[in-house]
Number of protein chains: 4
Amino acid sequence: MTDDDDKRKARATQRRIERRSQILDAARKVFSVKGYHAASITDILEEAGVARGTFYLYFPSKRAIFEDLLEQMFSQIKGTVRRIQTGAGAAPPVEQLYGTVSQLVEVLEGNRELTIILLREAVGLDADFDQKLNAFYLRLATMIEAAMHLGQTMGLVRPCEVSLVARCVLGSVKEVMLRLLSADHPWAGLPREKVAREILAYNLHGIFVGIADGTPPSDAA
Amino acid sequence: MTDDDDKRKARATQRRIERRSQILDAARKVFSVKGYHAASITDILEEAGVARGTFYLYFPSKRAIFEDLLEQMFSQIKGTVRRIQTGAGAAPPVEQLYGTVSQLVEVLEGNRELTIILLREAVGLDADFDQKLNAFYLRLATMIEAAMHLGQTMGLVRPCEVSLVARCVLGSVKEVMLRLLSADHPWAGLPREKVAREILAYNLHGIFVGIADGTPPSDAA
Amino acid sequence: MTDDDDKRKARATQRRIERRSQILDAARKVFSVKGYHAASITDILEEAGVARGTFYLYFPSKRAIFEDLLEQMFSQIKGTVRRIQTGAGAAPPVEQLYGTVSQLVEVLEGNRELTIILLREAVGLDADFDQKLNAFYLRLATMIEAAMHLGQTMGLVRPCEVSLVARCVLGSVKEVMLRLLSADHPWAGLPREKVAREILAYNLHGIFVGIADGTPPSDAA
Amino acid sequence: MTDDDDKRKARATQRRIERRSQILDAARKVFSVKGYHAASITDILEEAGVARGTFYLYFPSKRAIFEDLLEQMFSQIKGTVRRIQTGAGAAPPVEQLYGTVSQLVEVLEGNRELTIILLREAVGLDADFDQKLNAFYLRLATMIEAAMHLGQTMGLVRPCEVSLVARCVLGSVKEVMLRLLSADHPWAGLPREKVAREILAYNLHGIFVGIADGTPPSDAA
DNA sequence: CATGAATGAGTCTTCATTCAT
DNA sequence: TATGAATGAAGACTCATTCAT
C-alpha cells in the first residue's frame, strides 16, 4: 500500500513538474516574442494549452512567472562565468577567458528566448523589478572587475578606471548577443567560436597590455 | 487685413509650437521617470497642466508622442556623430574620434531624460516600434562600421569581423552611458573628459593596430 | 467672458452632481434588491445606463459607493433621532419620544431601499466594514441608553441593565422596520402612525415605570 | 458473509457520518468567523483537513453545507421554544416563559458559532436563501403570536397589533443575543439568568397587562 | 472512498481615446 | 482652441465545481 502510495505520489509530483515546465515554456516563448507588457496571460494560456485557473495554480501572478524565467537565466549565466584560476597548473588566463566567453555564447544561444527576454526587457517594469536586473548586471560587472584587478596585479591588464571599463566589456557582450539572437541578424552564419573569438579579441585588446598584432587570441595562445 | 491675418496666424502658430513643447517636455520628464508603460496620459497631463482633449489636439496618441521624443534624440545624436575626415589638413583620426566621443558624452549627459528613455525603453512596445529602434541603432552601427572600414584601409584598424565589432563598440557606449546617467552610478565624480577618454581608450585598443602601452590615447595623440 | 465661464462651470458642476446621483440611485436600487455581494458593477451600470469607465469616474470602487450609500443613511437617521428635552417649556417626554419614533418610521419608509440595505446587509463584508456598522448601531444604542438614564433620574424608567435593554429597544425597531419595508409584509395596510404608536407602546411599557393599562401612549398623553 | 457485510456496512456508515461531522464542524467554525461570502471552500478544507474532492462527496455545494448548518440551528431552536401550557397543573405562564427564554439563551450561547451565523448572515445570499431565513423567523414570530393570543384570551396580554409586536419581541431577542455572542460585548460578565430575566422583563412589561413595579418577573413569580 | 489537479465563467478595475460644449 | 466627462475594450485574477486516478 505504502509502495503504491509512494509511486502515485511520485508520479503526481512528476506531473506537477511537467505541467510547470509546460507553462514556463509557453511563457518563455510568449515573453520573448511580445515582451512583458504586450504578453497577456491569455497568450500564455493559449500557447500552453492550459486553462486560466491552471496557470494560477502554478504561478501566483504574471510577474511571478516572469521573475521565475529571469531567475532561470541568472543561474545559468552564473554557472557559466567562472573565476580565472591562477594556480600553478592553471591554463593561461587568456585561454581561460576564451573558454568562458565561448561557453557563455553557447549558453546564451542555447537559451535564445530567455536571453532575449533578459537583454531586451532590460528595464521598465517597476522600480522593484529594475533593481533585480540592475543587481544582476552589477554582479556580472563586479566579476569582470575582479578579473581585471587580478589581471592588473599580474601585469596583464593596463591601468584604467576598472569599474567603468568593466561596464564597457559587459555592454559589448550584451549588445552583440542581443543582435546575434534577434530574428534576422547580419552574422547569421558565424559559428559560435568565431563570435567568441571576435568578442574576446575586441575586449582583450582593450584591457590587455601587450602588442596588438591583429591576430585573434586563439592563434596567439 | 491680410497683414493682421498674417500676424494673427503667426502668433497662433507660435502658440501652437509652445503648447507642443510644453506637452513634450512634460512627457519627456514623465517617461524618463516612469518608463513608457507605467506612464499614463494622465501623468503627462498633470505634469503639463493641460487638459485631456488638448493633448490629443497635438498628438494623436501616447505612442506618437513617445516616438516624437525618440526622434528628437535620434537627430541630436546624428548631429553629433560625424564622419572621420581624411583630407590633407584634417586632424589625426584619433583626435577626431576623441572629439566625437567627447561630444557624444556631452550631448547624452545634456539630455539625461531622453537618453535614459532611449537606452532603457530599448524595446518591448510592439514589433513596429522595435523596428524603429533597431533601425536607429543599425544606423549608428553602420556609421561605426564605415569608420572602421576606413580605418582598415588606412592600416589603423586591425582586421576583424567589422559588423560584429561595430556592435561591440556601440554596446560598450550604451552600457556606460546608461549607468552614467542612472540615479546613483559609481563614477559620480568622473568628469566627462575622463569618461570619454576611457571609453575611447577601451575601444581603440580593441580596433586599433598598434602598441598598446597602457597610455590613454589623449596622451598618445 | 468670465460670466460665460462661470455659467459653464456651474452647469458642469451641476451635471456632475446629477450623474453622481444617477449612479448612486442605480446602486441603491441594485444593492437593496440583490445585496452587496450578489450585486455586480455591471448590474449597477445597466441600471444606471452608464458606461463602465463612467462609474469609476465617480466612485473608486464598488465598496466605496456602498459605503457612500450607508453614510447617506447614517446621516439621515442621525438627523431624525433627537435628544429628549427636559427644559421648562418642553413637551412631555413621552410626546417627544412619539415624535421621534414617528419621524424615524417616516424617514425609514421614505428611504426604503437604503434602509433595507442598512438593515439586511448587517454584516459580513469584511472586518473593517463590520466595524463601521457596529459603530453606527453602537451610537444609536448609546443614544437610547442616554435617554434611559435620563428617564431613570426622572423616575420614569424602571431600574434595569440599561445597556442591555437599550439593545432590546434597538432590536425591536430594526426587526419591525425590516419586515415593514420588505416586499410582502403582513402589515401592508398599517399607517405609519399606528406602527409608531405600537412600537412606542411596546417599548415604553418595557422601560416605563407606571401602570400599564393597555392604552396606547398617544391616548395617555 | 451477510453478517460481515452488515458489519462492514455499519462501520462504513459510521465513518461517513463522522466525516460529515468533521466537515460540518470545520464549516461552522469558518463561516462564523469569516461569514458566508468571505469563507472559501479552501478555508473549510484546511480547517477540516480534508481534500477538495472529499468535500463534494458529502455536500453538493458551498451553499448546501451552509443551509445544513442553518437547519441544525433551526431544529435546535425549535426544540427550545415550547408552547405555553394552560392545563390545570401547569406552572404559571410567566414562569413558563422565563423557562423558555432562559433555555433559549442557554442554547444560543452553547452554539455560539451557529447562532452568530444565523443572526449575522441574516440575508443577502440570494432570493431563495432569504426566503428560507424569512420562513424560519416567520415560524418563530408565529409562535410568539400564538402565545400572545393565548395571553390575550387569558387577560394577561394587553390588546395590540399582535403580529407587529411579536416581531418586536423577536427583534429584541435577536439583537441582544448577537451582541452577547459577539467578540467583545459590554455585558461580558452577566450570567445567563440575569440576561434572560432582563429580556423577559423588558418584553413582559411590553405585552403584559398589569402593574409594572420595576421588579424582574422572577421575583414577581 | 479519497484525492487534488484542472477548469473557466465571472469579477473588479484601468486607461487610451473620443466628442459635445 | 481648450476642456474634461464619457466610453468600452482589455487585462489580471478568484474560486466553486468537476473528474481522472
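Quick note on labels: first sequence line is chain A, next is B, and so on, each numbered from 1.
- For B:Lys34 and E:dT14, the NZ to C1' distance is 13 Å, given to the nearest whole Å.
- Ring geometry, D:Phe66 versus D:Phe31: the interplanar angle exceeds 60°, so the pair is classed perpendicular (tilted spans 30 to 60°).
- In this structure, of E:dC12, E:dT3, F:dA12, it is E:dC12 that holds the atom nearest to the side chain of C:Lys62.
- DNA chain E is contacted by C:Tyr56, C:Ser61 of residues 54-61 of chain C, taking any non-hydrogen atom closer than 4.0 Å.
- One interatomic measurement links the two molecules: CD1 of C:Ile41 to C1' of E:dC12, which rounds to 7 Å at whole-angstrom precision.
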(request) Would you sketch DNA chain E in dot-bracket for me? Only Watson-Crick or G-U wobble pairs with both distances under 3.5 Å count, crossing pairs as [ ], other-strand pairs as |, the rest as dots. (result) .||||||||||||||||||||

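- Rounded to whole angstrom, the span from the NE2 atom of A:His37 across to the C1' atom of E:dT14 amounts to 13 Å.
- If you take CG of C:Leu45 and P of E:dG10, they are 17 Å apart, rounded to a whole angstrom.
- One N or O donor and one acceptor, one from the side chain of C:Arg52 and one from the base of E:dT13, sit under 3.5 Å apart.
- DNA chain E is contacted by both D:Arg19 and A:Ala51; D:Arg19 maps to the nucleotide lying nearer its 5′ end (nearest heavy atom per residue).
- For the pair C:Asp43 CG and E:dC12 C1', the computed distance is 13 Å after rounding to whole Å.
- For F:dT1, the OP1/OP2 oxygens have no side-chain nitrogen or oxygen of B:Arg15 closer than 4.0 Å.
- In this structure, D:Lys62 contributes its side chain and D:Tyr36 its backbone to a donor-acceptor pair below 3.5 Å.
- Here the closest non-hydrogen pair linking B:Val30 and B:Ala39 is CG1-CB, 3.5 Å.
- Of all heavy-atom pairs between A:Asp43 and A:Ala38, the closest is OD2-O, 3.7 Å.
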Solution key, residues 46-54 of chain A side-chain donor-acceptor pairs under 3.5 Å, sequence neighbours excluded:
{"unit_1": "A:Glu47", "atom_1": "OE2", "unit_2": "A:Lys29", "atom_2": "NZ", "d": "3.3"}
{"unit_1": "A:Arg52", "atom_1": "NH2", "unit_2": "A:Thr42", "atom_2": "OG1", "d": "2.8"}

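- We find the CG-CZ distance between B:Leu118 and B:Phe136 to be 5.5 Å, quoted to the nearest 0.5 Å.
- Here C:Ala39 lies in heavy-atom contact (under 4.0 Å) with sugar-phosphate atoms only.
- Looking at heavy atoms from C-beta onward, A:Thr115 lies in side-chain contact with A:Met73 at the 4.5 angstrom threshold.
- B:Asp68 and B:Arg63 are not joined by a salt bridge, as no carboxylate oxygen comes within less than 4.0 angstrom of a charged side-chain nitrogen.
- Remark: side-chain polar atoms of D:Asp25 are not paired, donor with acceptor, to backbone N or O of D:Gln22 under 3.5 angstrom.
- The separation between A:Gln22 atom CD and E:dA5 atom P is 15 Å, rounded to whole Å.
- B:Glu18 places its CD atom 11 Å from the P atom of F:dA2, with the value rounded to the nearest Å.
- The nearest whole Å value for the distance from the CD atom in B:Glu46 to the C1' atom in F:dT3 is 15 Å.
- Nucleotides of DNA chain F nearest to C:Val50 and A:Gly53 differ in position, and the one nearer the 5' end is that of C:Val50.
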